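What follows is one structure encoded as structure tokens, with my remarks underneath.
Predicted model only: the values in this text are computed from it and were never measured.
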Amino acid sequence: MHFPDFSDPAIWLSLLTLTFLEIVLGVDNIIFISIIADKLEPAQQRRARNIGLILAMIFRIGLLLTITWIMRLKEPVFTLSFITDNGQPIGISWKDLILIAGGLFLIVKSTLEIHHKLEKPAEVPGQKKVYASLSAVILQIVLVDAVFSFDSILTAIGMVEEVAVMILAVIISIGVMMAFAGPISRFINKHPTLQMLALSFLIAIGIMLIAEGFHQKISKSYIYTTIAFSLIVEMLNMRIRRKE
């Protein structure tokens with residue numbers, strides 16, 4: 001790994017572009033962490049978010065330092081004859097299996113969270129609230145971090161050649177996400193309708209990951225545009241409810 005020449009404007013442009021992309025790709029990660037961390041005691045929530053994001057940073061840097069191994073994960077392990085691409089059976093690699101497993105985890109976990117919130121009994125005054133354990137929450141965060149890390153790192157490899165620039169972009173993006181994870185978490189968890197919107201967004205991301213694992217490309221811009229439109233509509237609804 002050689003140190004890039006930061007006197008070259010192209011290096012700075014690559015760093016800024018990749019950092020911005022890493023932040024955008026990390027939004028769904030923050031949403032998941034926010035919803036899961038809300039199961040903890042208020043005093044532990046910030047700690048869980050920070051631990052989750054720091055582990056994500058360490059995992060991504062570790063992946064970047066083993067680029068050769070990552071590229072081997074893209075080699076087919078077996079083929080599926082009933083799904084074709086340009087008339088040829090598609091080859092399923094370890095990367096595809098990771099995306100499919102991660103997508104299934106997101107769909108199942110988000111669906112269970114929606115069911116839990118819909119069936120949750122009303123709180124009885126004076127009844128002690130039961131919180132999840134810190135270790136269980138961090139384990140769930142690590143599992144999702146691993147899936148999103150592969151997606152993030154493969155994107156970085158396709159954009160930039162210098163590993164040092166990739167690592168720097170990951171560190172900066174995680175720092176930005178840690179700074180804004182708290183306000184985002186409080187905002188989402190304060191509004192139940194936004195929680196449902198966020199969980200629905202995670203289900204859509206899970207479907208996209210599974211489709212990508214089977215080599216069926218779904219543009220992320222469609223999903224992000226849809227969620228942005230839904231968020232704007234919900235913001236307008238919130239303003240109307242406040243006035244009423």
Is there a path of hydrophobic side-chain contacts, each under 4.5 Å between heavy atoms of I, L, V, M, F, W or Y residues, that connects [X] with [Y]?
{"X": "V233", "Y": "M196", "answer": "no"}
{"X": "L139", "Y": "F59", "answer": "no"}
{"X": "V165", "Y": "L16", "answer": "no"}

Ignoring hydrogens and angles, tell me if any N or O in the side chain of H115 forms a donor-acceptor pair with the backbone of S110 under 3.5 Å.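 A pair under 3.5 Å: no.
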If only atom types and distance count, is the side chain of Q140 paired as donor or acceptor with the main-chain N or O of I138 below 3.5 Å?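 Here the side-chain-to-backbone pair does not exist.
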Just verifying a value: how many Å separate [X] [atom1] and [Y] [atom2], rounded to the nearest 0.5 Å?
{"X": "L55", "Y": "M57", "atom1": "CG", "atom2": "CE", "result": "9.0 Å"}
{"X": "I171", "Y": "T19", "atom1": "CD1", "atom2": "OG1", "result": "10.0 Å"}
{"X": "I205", "Y": "S200", "atom1": "CD1", "atom2": "OG", "result": "12.0 Å"}
{"X": "F78", "Y": "I90", "atom1": "CZ", "atom2": "CD1", "result": "8.5 Å"}
{"X": "I203", "Y": "K109", "atom1": "CD1", "atom2": "NZ", "result": "12.5 Å"}
{"X": "N50", "Y": "I33", "atom1": "CG", "atom2": "CD1", "result": "9.5 Å"}

Any non-hydrogen side-chain atom of [X] less than 4.5 Å from a side-chain atom of [Y]?
{"X": "L231", "Y": "F201", "result": "no"}
{"X": "I61", "Y": "M166", "result": "no"}
{"X": "D96", "Y": "F214", "result": "no"}
{"X": "L197", "Y": "S230", "result": "yes"}
{"X": "I92", "Y": "T79", "result": "no"}

Salt bridge flag under 4.0 Å for residues E234 and R239: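 No, E234 and R239 are not salt-bridged.
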Show the nearest heavy-atom pair for residues [X] and [Y], with the distance to one decimal.
{"X": "A48", "Y": "V137", "value": "CB-CG1, 4.5 Å"}
{"X": "P76", "Y": "G91", "value": "CB-CA, 3.9 Å"}
{"X": "E75", "Y": "S93", "value": "O-CB, 3.2 Å"}

Can I get a per-line list of side-chain donor-acceptor pairs under 3.5 Å for residues 172-182, giving both atom names and the distance, sequence neighbours left out?
residue, atom, partner, partner atom, Å
S173, OG, A169, O, 3.0
S173, OG, V170, O, 2.9

Does the pair L53 and I141 meet the rule for a side-chain contact (heavy atoms from CB on, under 4.5 Å), with working shown? CA-CA 9 Å; L53 289 170; I141 291 174; over 6 Å; no
Run the side-chain contact (heavy atoms from CB on, under 4.5 Å) test on L106 and L209 for me, step by step, so that the C-alpha distance in whole Å, both residues' side-chain angles and the decisive distance to 0.1 Å come before the verdict. CA-CA 9 Å; L106 273 182; L209 289 175; 4.0 Å; yes
Passes side-chain contact (heavy atoms from CB on, under 4.5 Å), E113 versus I36? Steps please. CA-CA 9 Å; E113 286 293 325; I36 295 300; 4.3 Å; yes
Checking one residue: L112. Which other hydrophobic residues are in its cluster under the side-chain 4.5 Å linking rule?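 Its cluster mates, by chain and number, are V108.
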Q44: partners by side chain to side chain contact (heavy atoms under 4.5 Å, CB included), with sequence neighbours left out: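 Per chain and number, Q44 pairs via side chain to side chain contact (heavy atoms under 4.5 Å, CB included) with L40, E41, L134.
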